[in-house]
Amino acid sequence: MLRFRSVSFGRLHLAPYLQPAEFQVALKVYFRDLPLAGDLEEEIFHQIVGKRFNSDKNELLLTSDKFASRIENKRHLCSMLDRIVLSTKRLAQSIKEEQGDQ
């Protein structure tokens, strides 16, 4: 289950009418919800995400404020998560193939 968090402020009457962190979006996902199998994939995943993974809560936290739209930042976070999972699986597969060749 993906959980998104964003901040919303009341509209201002003075320019620029927006607060600086208004478009920042955070994505939280528990490790058990990720489609990873095996210790090798888990180890590679932890190496890729680094400090963004909270071991105490067993959850990954990704944040984005790259775009000036919450919707685009949500899309960016989903894309980041997809790339992390696919890269983890691809690296684990290549390592298994290398070990199988030896």
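The first residue in the sequence is number 1, and the count goes up from there.
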| request: Classify the angle between the aromatic ring planes of Phe45 and Phe53 as parallel (below 30°), tilted (30 to 60°) or perpendicular (above 60°). | output: perpendicular
| field | Test item: Phe31 and Glu42 side chains (from C-beta on) under 4.5 Å apart, heavy atoms | value | yes
| Chi angles and distances behind the side chain to side chain contact (heavy atoms under 4.5 Å, CB included) call for Lys96, Leu40 | CA-CA 9 Å; Lys96 287 177 184 176; Leu40 180 60; 4.0 Å; yes
| NZ-OG distance between Lys74 and Ser64, expressed to the nearest 0.5 angstrom | 12.0 Å
| Do NZ/NE/NH1/NH2 and the carboxylate oxygens of Arg3 and Glu59 come within less than 4.0 Å? | yes
| request: Tell me whether the guanidinium CZ or amine NZ of Lys28 lies under 6.0 angstrom from the six-membered ring centre of Phe4 and within 45° of its axis. | output: no
| task | Begin with the C-alpha distance, continue with both residues' side-chain angles, and end with the deciding distance and a verdict on side chain to side chain contact (heavy atoms under 4.5 Å, CB included) for Ile95 and Ile44. | result | CA-CA 10 Å; Ile95 290 173; Ile44 293 170; 3.9 Å; yes
| So, the side chain of Glu43 versus the backbone of Asp39: is there a donor-acceptor pair under 3.5 Å, distance only? | no
| said: Return the OG to CG distance between Ser79 and Leu86, rounded to the nearest 0.5 Å. | reply: 9.5 Å
| If every non-hydrogen atom of Pro35 is compared with every non-hydrogen atom of Lys89, which pair is closest and at what distance? | O-NZ, 2.7 Å
| said: Whether the side chain of Asn73 engages the backbone of Lys66 through a donor-acceptor N/O pair (distance < 3.5 Å, no angle test) should be reported. | reply: yes
| task | Heavy atoms only: give me the nearest Leu62-Met80 pair and the separation to one decimal. | result | CD2-CE, 4.1 Å
| Can Arg70 and Glu22 be said to form a salt bridge (charged side-chain N to carboxylate O under 4.0 Å, His left out), step by step? | CA-CA 8 Å; Arg70 287 189 197 129; Glu22 189 139 9; 3.6 Å; yes
| field | Same apolar cluster: Leu77 and Ile48, side chain cutoff 4.5 Å | value | yes
| Any side-chain heavy atom of Leu27 sitting closer than 4.5 Å to one from Leu81? | yes
| query | Taking Ser87 for the side chain and Ile84 for the main chain, is one N or O donor matched with an acceptor at less than 3.5 Å? | reply | no
| said: Taking Leu61 as the starting point, is it possible to reach Val85 by hopping between hydrophobic residues whose side chains are less than 4.5 Å apart? | reply: no
| Between Ser94 and Arg90, does any side-chain donor sit less than 3.5 Å from a side-chain acceptor? | no
| message | Please find the pair of heavy atoms, one from Thr63 and one from Gln24, that lie closest to each other, and give the distance. | response | CB-NE2, 3.9 Å
| message | Tell me whether the count of non-hydrogen atoms from other residues, nucleotides or ligands lying under 6.0 Å of CD1 in Ile71 goes above 12. | response | no
| said: Distance to the ring centre below 6.0 angstrom and angle to the axis at most 45 degrees; does that hold for Arg75 and Phe67? | reply: no
